[in-house]
Amino acid sequence: TEGAAGLPTPLDPALPPFEERFREATGRAPGPEAAAAYLAARRIDLAVRRLGGVGDRAALEAALAP
């Protein structure tokens, strides 16, 4: 699901497919660090897409703020 800013949370529906791809690639389930890194990258990706780029640093920082 998405949090208040429309960014992914640990319940993000994209997490299970990531876990499956990770398992297929490595032979093991992703640890908490891998899942956290994936969700962080997804947050950045969604924020940048919504803003149409990274040119407005203040807007990007606001979009990524907790």
Side-chain angles (χ1 to χ4, degrees):
T1 62
E2 292 183 349
L7 298 174
T9 67
L11 301 176
D12 189 316
L15 194 55
F18 161 73
E19 292 170 333
E20 184 177 327
R21 289 189 309 272
F22 189 97
R23 193 173 290 110
E24 288 173 3
T26 65
R28 62 183 177 85
E33 297 87 0
Y38 172 77
L39 289 173
R42 195 155 145 71
R43 284 178 55 93
I44 293 167
D45 178 59
L46 290 173
V48 169
R49 288 175 189 262
R50 287 194 179 123
L51 294 171
V54 297
D56 186 346
R57 184 175 178 139
L60 183 58
E61 287 176 0
L64 294 172

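The basis for the numbers below is simple: all heavy atoms, side chains too, and nothing from hydrogens, waters or symmetry mates. Please read these numbers as outputs of a predicted model, since none were measured by experiment.
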Can you give me every donor-acceptor pair (side chain of residues 57-66, partner residue at least two apart or in another chain, under 3.5 Å) with its distance?
{"residue": "Arg57", "atom": "NE", "partner": "Glu61", "partner atom": "OE2", "Å": "2.8"}

message = Enumerate the ring pair (Phe, Tyr, Trp, His ring centres under 6.0 Å) contacts for residues 45-66, please, sequence neighbours excluded, ordered by first and then second residue.
response = none

query = Less than 4.5 Å apart, any side-chain heavy atom of Pro17 and any of Arg21?
reply = yes

key: Inter- and intrachain pairs under salt bridge (Lys or Arg N to Asp or Glu O under 4.0 Å), touching residues 22-40, at least two apart   = none

remark   = The reported gap from CD1 in Ile44 to CG in Leu39 (rounded to nearest 0.5 angstrom) is 11.5 Å

key: Pairs where residues 47-66 contributes a residue and the test ring pair (Phe, Tyr, Trp, His ring centres under 6.0 Å) is met, not counting sequence neighbours   = none

query = Who pairs with Asp56 by side chain to side chain donor-acceptor pair (under 3.5 Å), at least two apart in sequence or on another chain?
reply = none

key: Residues forming a ring pair (Phe, Tyr, Trp, His ring centres under 6.0 Å) with Phe18, sequence neighbours excluded   = Phe22, Tyr38

